[in-house]
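Below is one structure, written out as structure tokens; the observations come after it.
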Amino acid sequence: MNDVGKQRRFPTGDLARVAVFAALIAVLGMPGSLNVFGNAVPITLQTLGVMLAGVILGTWRAALAVVVLLVLVAAGLPLLSGGRGGLGAFVGPSAGFLIGWIPGAAVTGWLVERAGRDPGIVRLVVACLVGGVGVIYLFGIPVQAVVTGVPLGTTALLSLAFLPGDLIKAVLASVIARGTQRAYPDAIPAVHQERLRAGGGR
């Protein structure tokens, strides 16, 4: 009976969704990256994928998708923007931002789960901003300051260059997610959780 319960909580379909979003984040790195104002950390589209994972997959599946991607990166696959990969990515200026993707995706998903069966666009945007921007910055900026030797305040000011793009990504992720959720209600984390509890997950 316990095995049956576990299968219902962690259906194989969820593993497929996790793999798809890990691949999506990787694909969003293909256009490359851009360094602005001398910042050692590049601007990429991959945080858009992290936000999308959060608003569509929910807490644990979104975090797991990011973990899968980062494990593959650590194994040497060039899945980060600009074709970067290997353990070196986790000791450079971007290391904190990469690690921050995990709690960032989880917090985004957690906030969307709290929004219930019909999350509005405003709640989705707020979730993306808190998790996909705020939490990631919270991890990324201090680590960047330590690695580069630049004072924390200066590093934080340099990171303001990310904000306009991150705001656009938060809105874009929310619009994409809202459209997807209207067409496919199981893409709403709260609805998916209800199906799993009811034993209807696949």
Please check if [X] and [Y] belong to a single hydrophobic cluster, counting links between Ile, Leu, Val, Met, Phe, Trp and Tyr side chain heavy atoms closer than 4.5 Å.
X      : Y      : result
Leu87  : Leu80  : no
Phe90  : Leu72  : yes
Val175 : Tyr184 : no
Val171 : Ile168 : no
Leu167 : Ile136 : yes

Flag the pair [X] / [Y] as yes when at least one side-chain heavy-atom distance between them is below 4.5 Å, and no otherwise.
X      : Y      : answer
Leu70  : Leu79  : no
Phe139 : Leu98  : no
Phe97  : Phe162 : yes
Val126 : Arg123 : no
Arg17  : Asp186 : yes

* Is there a donor-acceptor contact under 3.5 Å linking the side chains of Thr59 and Glu113? -> yes

State the [atom1]-[atom2] distance between [X] and [Y], to the nearest 0.5 angstrom.
X      : Y      : atom1 : atom2 : result
Ile176 : Leu48  : CD1   : CG    : 5.5 Å
Leu129 : Tyr137 : CG    : OH    : 10.0 Å
Asp14  : Leu57  : CG    : CG    : 8.0 Å
Leu69  : Gln46  : CG    : CD    : 6.5 Å
Leu124 : Leu111 : CG    : CG    : 10.5 Å

Donor-acceptor contact below 3.5 Å, side chain [X] vs main chain [Y]:
X      : Y      : answer
Thr108 : Gly54  : no
Gln144 : Pro93  : no
Ser174 : Ala170 : yes
Glu194 : Pro189 : no

* Asked: Can you check side chain to side chain contact (heavy atoms under 4.5 Å, CB included) on Ser81 and Leu45, steps first, answer last?
  -> CA-CA 8 Å; Ser81 60; Leu45 286 176; over 6 Å; no

Taking every non-hydrogen atom, the tightest pair across [X] and [Y]:
X      : Y      : result
Val73  : Ala89  : CG1-CB, 4.4 Å
Val66  : Trp101 : CG1-CB, 3.5 Å
Gly100 : Val135 : O-CG1, 4.5 Å
Leu52  : Ala173 : CD2-O, 3.5 Å
Ala106 : Ala63  : CB-CB, 4.1 Å
Ala115 : Pro119 : CB-CB, 3.7 Å

* To do: Could you check Arg84 against Ser94 for side chain to side chain contact (heavy atoms under 4.5 Å, CB included), going step by step and ending with a plain yes or no?
  => CA-CA 11 Å; Arg84 293 175 297 137; Ser94 301; 4.2 Å; yes

* To do: Applying side chain to side chain contact (heavy atoms under 4.5 Å, CB included), run through Ile56 and Phe21 and close with a yes or a no.
  => CA-CA 10 Å; Ile56 291 178; Phe21 273 86; 3.9 Å; yes

* For the pair Thr44 and Leu28, evaluate side chain to side chain contact (heavy atoms under 4.5 Å, CB included) and give the outcome as yes or no after the intermediate values. => CA-CA 8 Å; Thr44 80; Leu28 287 171; over 6 Å; no

* Does Leu138 have any side-chain contact (heavy atoms from CB on, under 4.5 Å) partners at least two apart in sequence or in another chain, and if so, which? -> none

* **SB check Arg178 Asp118 (cutoff 4.0 Å)** => yes

* Structure fact -> Members sharing Val143's hydrophobic cluster, built from side-chain contacts under 4.5 Å between Ile, Leu, Val, Met, Phe, Trp and Tyr, are Val147

* **With sequence neighbours excluded, residues passing side-chain hydrogen bond (donor to acceptor under 3.5 Å, both in side chains) with Gln181** => none

